[in-house]
Student: 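Just passing along the structure, written as structure tokens.
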Number of protein chains: 2
Amino acid sequence: MFSKACEYGIRASIFIAEQSLLDRKVSLKDVAEAIESPSAYTSKILQRLSKSNIINSDKGPTGGFSMDKSELEKVKLNSIVYAIDGDTVYNGCGLGLKKCNADKPCPVHNQFKVIRDELKKMLENTTVKTLAMDYEKGLTFLKR
Amino acid sequence: MFSKACEYGIRASIFIAEQSLLDRKVSLKDVAEAIESPSAYTSKILQRLSKSNIINSDKGPTGGFSMDKSELEKVKLNSIVYAIDGDTVYNGCGLGLKKCNADKPCPVHNQFKVIRDELKKMLENTTVKTLAMDYEKGLTFLKR
DNA sequence: TAAATAGTGGACAATTTTATCCAATACAAA
DNA sequence: TTTGTATTGGATAAAATTGTCCACTATTTA
């Protein structure tokens with residue numbers, strides 16, 4: 001569904017969000033350990049999220065990654081997915097055709113449209129904040 | 001969503017089904033041209049579909065690929081997907097966790113479950129025959 | 001201003017997926 | 001039974017994705 005990079009990106013964002021709710025900045029190492037991901041690779045992903053203004057990153061001692069508490073409910077899953085995987089989830093054809101649309105549809109165009117619209121709606125409506133709060137309560141998990 | 005191999009597999013099956021409805025066997029070359037795919041790679045995929053008894057393959061002159069007309073409505077998209085991509089579509093965690101389930105869910109477990117169930121239902125209910133018939137009527141396309 | 005800390009960026013390596021090549025096999029028809 | 005045709009299977013190769021390494025920059029604190 002998503003690339004591994006995107007999976008790491010979402011998990012990392014949830015962890016950073018949760019820690020930010022507790023007013024804590026986290027280091028790359030913290031993130032990699034919390035979500036059990038290769039840290040150097042995770043670093044690249046955090047860079048992209050930072051450039052897309054989804055997370056903040058500060059250098060130097062006392063630096064680290066964080067999210068603005070006040071903006072947290074505005075961050076939806078779809079912005080993370082878009083920042084890392086682009087728009088393939090939304091626009092890509094289910095059968096890999098370059099030009100698949102209502103005018104010249106692939107054989108499963110309509111069937112996929114239903115699923116895709118559902119997925120899109122879900123990604124647009126799910127905030128990182130709610131996911132972070134559930135995680136904070138111990139209701140959900142970010143590794144294993 | 002699916003691997004490229006799986007996309008080719010679905011497109012190939014639809015083409016073979018449509019030609020079988022017209023009582024025609026098709027060669028590897030025919031398939032590759034119809035769905036615009038690399039023929040040697042397509043060959044591997046057809047082998048897998050053949051071993052999973054989704055398509056027939058006959059060697060020698062007058063050989064080629066075909067599907068039994070009488071069985072055509074029994075072949076659903078999900079058997080093709082399963083034959084090529086395995087059960088990752090159904091069982092894989094949306095965030096890539098090894099052990100994600102209702103007891104120990106990832107943060108988007110429930111949200112994804114809705115989508116996944118919808119997708120599963122669609123794949124289980126869509127027959128290759130209906131897709132082949134729409135394609136035959138020129139309503140849908142397998143390349144570009 | 002020196003030292004320590006934490007993210008950045010670029011090059012590189014491993015792995016997985018996608019794609020190719022070719023000799024071998026199986027089969028139908030003459 | 002020979003010949004031609006079409007799939008098979010194994011070895012490789014190319015491309016994309018995932019993952020690693022390291023020197024550099026920015027920043028805080030002493």
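Just so it is clear, the values below take in all heavy atoms, side chains as well, and ignore hydrogens, waters and symmetry mates. Quick note on labels: first sequence line is chain A, next is B, and so on, each numbered from 1.
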Student: Within the distance-only criterion (no hydrogens, no angle test), does the side chain of Asn101(B) pair as donor or acceptor with the backbone N or O of Asp103(B) below 3.5 angstrom?
Tutor: yes
Student: I need the CZ-C1' distance between Arg48(A) and dT18(D), as an integer number of Å.
Tutor: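 In whole Å, dT18(D) C1' and Arg48(A) CZ are 13 Å from each other.
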Student: Go nucleotide by nucleotide along DNA chain D from the 5' end; which of Gly63(A) and Ser3(A) gets its closest nucleotide reached first?
Tutor: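 First, find each residue's nearest nucleotide; the 5'-ward one identifies Ser3(A).
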Student: Measure from the side chain of Phe65(B), starting at C-beta and using heavy atoms only, and say which of dG7(C), dT20(C), dT8(D) lies closest.
Tutor: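 Taking heavy atoms from C-beta onward, the closest nucleotide is dT8(D).
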Student: When you measure from the side-chain N and O atoms of Tyr8(A) to the phosphate of dG19(D), is any distance below 4.0 Å, counting only OP1 and OP2?
Tutor: yes
Student: Over all strands shown, is Val31(B) touching base, sugar-phosphate only, or nothing at heavy-atom distances under 4.0 angstrom?
Tutor: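 Here Val31(B) touches no strand at all.
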Student: In whole Å, what is the span from the NZ atom of Lys29(B) to the P atom of dA6(D)?
Tutor: 9 Å
Student: Are Ile16(B) and Leu46(B) side-chain neighbours, meaning at least one heavy-atom pair lies under 4.5 Å?
Tutor: yes
Student: Could you tell me the separation between the CD atom of Glu36(A) and the C1' atom of dT18(D), rounded to a whole number of Å?
Tutor: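 For the pair Glu36(A) CD and dT18(D) C1', the rounded distance is 17 Å.
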Student: Give a yes/no answer on whether the side chain of Lys44(B) brings an N or O atom under 4.0 Å of OP1 or OP2 in dT12(D).
Tutor: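 Indeed not, no polar side-chain atom of Lys44(B) lies that close.
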Student: Under a 3.5 Å threshold, yes or no: a donor from one side chain and an acceptor from the other, between Ser3(B) and Asp85(B)?
Tutor: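 Checked: Ser3(B)/Asp85(B) side chains pair up, N/O donor to acceptor below 3.5 Å.
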Student: Where the side chain of Pro38(B) is concerned, which of dG7(C), dT29(D), dT20(C) is the nearest nucleotide?
Tutor: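 So the side chain of Pro38(B) is nearest to dT20(C).
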Student: If I take atom NZ in residue Lys59(B) and atom P in nucleotide dG4(D), what distance separates them, rounded to the nearest angstrom?
Tutor: 19 Å
Student: Is the shortest side-chain heavy-atom distance between Ile45(B) and Ile84(B) below 4.5 Å?
Tutor: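 Yes. Closest side-chain heavy atoms under 4.5 Å.
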Student: Does Asp117(A) pair with Lys113(A) as a salt bridge, N-O distance under 4.0 Å?
Tutor: yes
Student: Toward the 5' end of DNA chain D, which comes first, Pro61(A) or Thr42(A), by nearest nucleotide?
Tutor: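 By nearest-heavy-atom nucleotide position, the 5'-most residue is Thr42(A).
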Student: Rounding to a whole Å, what distance do you find between Tyr41(A):OH and dG19(D):C1'?
Tutor: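 Taking atom C1' of dG19(D) as the reference, OH of Tyr41(A) is at 7 Å.
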Student: Would you kindly give the CD1-to-C1' distance between Ile55(A) and dT8(C), to the nearest whole Å?
Tutor: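 Answer to the nearest Å: 13 Å.
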Student: Specify the separation, in whole Å, of atom CD1 of Ile16(B) and atom C1' of dT7(D).
Tutor: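 The distance from CD1 of Ile16(B) to C1' of dT7(D) comes to 12 Å, rounded to the nearest Å.
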Student: State which of dG7(C), dT20(C), dT8(C) makes the closest approach to the side chain of Ala40(B).
Tutor: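 Of the candidates, dT20(C) comes closest.
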Student: Can a side chain N or O of Lys51(B) be found less than 4.0 Å away from OP1 or OP2 on dG9(D)?
Tutor: yes
Student: Check whether any side-chain N or O of Gln47(A) sits under 4.0 Å from OP1 or OP2 of dG9(C), and answer yes or no.
Tutor: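 Indeed, a polar side-chain atom of Gln47(A) lies that close.
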Student: Please tell me if Ser57(A) has a side-chain N or O lying less than 4.0 Å from either OP1 or OP2 of dA6(C).
Tutor: no
Student: Could you give the CG-to-P distance, from Asp30(B) to dA6(D), as a whole number of Å?
Tutor: 9 Å
Student: Which one, dT20(C), dT20(D), dG7(C), comes nearest to the side chain of Leu28(A)?
Tutor: dG7(C)
